[in-house]
Amino acid sequence: MAFTASSPSPSSLLRASFSPHEPKAPWTSSVSQSDQFSFISTAGPSCQIPSLLKPISAETHRSKSVVPLAAKVAAAEVDQNNVAEDYEKLAKEMENASPLEIMEKALVKFGNDIAIAFSGAEDIALIEYAKLTGRPFRVFSLDTGRLNPETYQFFETVEKHYGIHIEYMFPDAVEVQGLVRGKGLFSFYEDGHQECCRVRKVRPLRRALKGLRAWITGQRKDQSPGTRAEIPVVQVDPSFEGIDGGIGSLVKWNPVANVEGPDIWNFLQVMNVPVNPLHSQGYISIGCEPCTRPVLPGQHEREGRWWWEDAEAKECGLHKGNIKKEEALHLNGNGNEISATNGSANVPDIFNSKNLVSLSRPGIENLTRLENRSEPWLVVLYAPWCRFCQAMEGSYIELAENLAGTGVKVGKFRADGEHKAYAQQELQLGSFPTILFYPKHSSKPIKYPSEKRDVASLSALVNALR
């Protein structure tokens with residue numbers, strides 16, 4: 001594959017005002033043509049520039065591995081003042097800036113040393129914003145080898161629509177082979193997704209970012225209130241390293257951090273931007289094919305990812321540095337709860353309503369032991385930090401209001417922390433939230449099997465069983 005580049009117009013180069021810097025020493029490795037990258041640009045004709053190649057991944061002492069390269073436009077040099085930038089101050093200054101302003105600032109500041117991370121989902125908005133700036137930009141994506149066919153087709157559509165070449169990063173073949181041979185193709189259903197994501201996503205991303213000084217992501221605060229609620233529009237990356245290596249060598253830009261999902265979709269529709277056809281099938285957050293499915297009414301958008309796991313595990317590791325501190329109290333390296341207490345005291349309780357009964361541990365035990373109840377009960381087993389519990393809060397409170405005075409009691413039991421083992425053993429807790437219906441004349445509670453948690457679906461459960 002030939003390396004191609006687009007020459008930016010003289011006006012765009014003057015507008016960028018990049019300061020030249022000394023080139024780094026040559027870097028070499030065994031390189032396969034199938035893994036080489038093409039630089040993408042929005043301006044000018046293409047030309048051959050083999051002498052200006054630079055690595056997007058500059059790992060050293062990496063034997064028998066293929067490390068892709070990307071072309072470099074010589075005029076788009078990095079501003080040396082980036083090193084001394086106070087990004088916390090810049091984030092505060094740009095807190096109310098539009099995504100277009102933030103994208104413009106990022107591209108001006110880093111030129112060819114920054115790239116957009118594109119997953120094939122609604123972060124297509126980032127590419128549209130970059131195009132609207134009129135500046136050259138780069139896009140890369142992680143091809144895990146397990147994406148939906150629609151996502152691969154969408155990559156092709158995006159390349160043709162914008163006239164660009166996406167720079168694909170692939171997992172190490174030896175690591176994938178070792179994982180599959182040792183544990184099978186679907187081990188994540190049994191022991192969690194973290195190991196597979198580490199091999200197929202996190203390590204390839206780490207290699208990609210080692211060839212950059214900054215990257216642009218589609219993280220939004222409303223994607224995951226429990227883990228992404230404090231994302232700044234720009235930050236020193238807390239997890240990954242850039243081309244110079246070491247902490248602080250990579251800057252992370254989040255232009256749509258303050259934009260809500262519906263506004264993203266309004267923008268895509270207004271600009272007539274192509275979107276992944278999976279979205280029309282109910283997929284909102286799109287990842288690998290085995291680990292992604294459509295969401296149902298009353299579910300949070302991230303609940304379509306790794307649905308067989310508890311809520312606290314639903315991050316793949318690409319943005320682990322943005323997990324809120326109180327959420328981290330519940331996690332260890334594999335995303336499993338390790339809190340010894342009943343959750344974090346810093347997390348406010350949910351499902352607060354005069355129509356809801358808050359059950360204590362003795363209360364839920366007594367309710368479960370009763371063989372003849374004076375009235376049926378509907379109880380949610382929840383954790384207040386769980387974003388999927390948070391997502392159904394409105395529906396559950398509305399249901400409690402509708403059932404007030406009908407002879408059906410509606411309750412809640414906080415089943416995390418010290419109560420989690422009991423809830424798993426005695427109350428059929430699989431993941432949060434779990435909904436139980438206690439019939440009037442039966443000792444055994446009935447677990448609600450559906451993940452539709454809207455008012456109509458929950459009302460249908462109560463009407464069918466009471």
Side-chain angles (χ1 to χ4, degrees), residues 1-9 12-13 16 27 29 31-58 66-76 103 106-107 110-145 147-171 201 204-205 207-218 243 253 271 273-276 286:
M1 179 187 297
F3 292 97
T4 62
S6 298
S7 302
S9 64
S12 68
L13 294 179
W27 174 89
S29 176
V31 179
S32 167
Q33 285 186 337
S34 64
D35 286 301
Q36 292 174 345
F37 289 163
S38 298
F39 173 75
I40 62 171
S41 174
T42 58
S46 62
C47 60
Q48 299 296 324
I49 52 170
S51 62
L52 296 176
L53 298 181
K54 84 163 190 177
I56 193 170
S57 176
V66 178
V67 183
L69 303 177
K72 179 177 176 65
V73 175
M103 181 67 72
L107 295 179
F110 288 95
N112 192 63
D113 288 327
I114 190 171
I116 297 170
F118 177 53
S119 70
E122 74 273 23
D123 50 3
I124 181 67
L126 298 175
I127 300 179
E128 181 67 16
Y129 282 123
K131 186 201 77 170
L132 293 176
T133 69
R135 299 182 180 280
F137 61 93
R138 296 168 59 186
V139 178
F140 76 94
S141 187
L142 306 178
D143 183 353
T144 65
L147 304 178
N148 294 77
E150 292 87 346
T151 299
Y152 287 113
Q153 294 167 3
F154 183 49
F155 286 148
E156 179 77 7
T157 299
V158 169
E159 289 188 322
K160 291 181 178 179
H161 181 82
Y162 290 99
I164 63 177
H165 292 291
I166 297 173
E167 306 175 16
Y168 295 103
M169 286 299 297
F170 303 92
K201 297 176 72 172
L205 177 65
R207 293 199 301 271
L209 297 179
K210 282 290 288 182
L212 299 170
R213 298 183 188 278
W215 63 311
I216 302 170
T217 86
I243 195 170
W253 294 79
M271 302 305 294
V273 174
V275 297
N276 193 320
I286 299 175

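For the numbers below, each heavy atom of this structure counts, side chains included, while hydrogens, waters and symmetry mates do not.
- Taken from OH in Tyr129 to CD1 in Ile116, the straight-line distance is 12.0 Å, to the nearest 0.5 Å.
- Atom CG of Leu147 is separated from atom OH of Tyr152 by 4.0 Å, given to the nearest 0.5 angstrom.
- In this structure the side chain of Ile124 reaches within 4.5 angstrom of the side chain of Tyr162, judged on heavy atoms.
- Shortest non-hydrogen contact noted between Arg138 and Leu212 is NH1-CD2, 3.7 Å.
- Between Pro171 and Pro204 the shortest heavy-atom distance is CA-CG, 3.5 Å.
- Distance alone, capped at 3.5 Å, places no donor-acceptor pair between the Arg213 side chain and the Ile243 backbone.
- Annotation: the span from Met271 atom CE to Leu132 atom CG amounts to 4.5 Å, rounded to 0.5 Å.
- Residues Ile114 and Ala106 approach most closely at CD1-CB, 3.8 Å, considering heavy atoms.
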Could you go through Trp253 and Met103, starting from their C-alpha distance and side-chain angles, then the distance that decides it, and tell me whether this counts as side chain to side chain contact (heavy atoms under 4.5 Å, CB included)?
CA-CA 8 Å; Trp253 294 79; Met103 181 67 72; over 6 Å; no
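- Nearest heavy atoms, Ala121 versus Ile286: CB-CB, 4.1 Å.
- Residues passing the ring pair (Phe, Tyr, Trp, His ring centres under 6.0 Å) test with Phe118, sequence neighbours excluded: Phe154, Phe155.
- Nearest heavy atom pair, residue Gly218 against residue Asp123, reads CA-CB, 4.3 Å.
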Run the side chain to side chain contact (heavy atoms under 4.5 Å, CB included) test on Leu205 and Phe140 for me, step by step, so that the C-alpha distance in whole Å, both residues' side-chain angles and the decisive distance to 0.1 Å come before the verdict.
CA-CA 10 Å; Leu205 177 65; Phe140 76 94; 3.7 Å; yes
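- Applying the salt bridge (Lys or Arg N to Asp or Glu O under 4.0 Å) rule to pairs touching residues 151-163 yields Glu156-Lys160, sequence neighbours excluded.
- Qualifying side chain to side chain donor-acceptor pair (under 3.5 Å) partners for Thr144, counting only residues two or more places apart in sequence or in other chains: none.
- In this structure, CZ on Phe170 lies 5.0 Å from CG on Asp143, to the nearest 0.5 angstrom.
- Distance check, rounded to the nearest 0.5 Å: CG of Asn148 to CG of Asn276 gives 7.5 Å.
- The structure places CD1 of Ile164 at 11.0 Å from NZ of Lys131, a figure rounded to the nearest 0.5 Å.
- Ala117 and Leu126 make their closest contact through O-CD1, 4.2 Å (heavy atoms, listed as atom of the first residue, atom of the second, distance).
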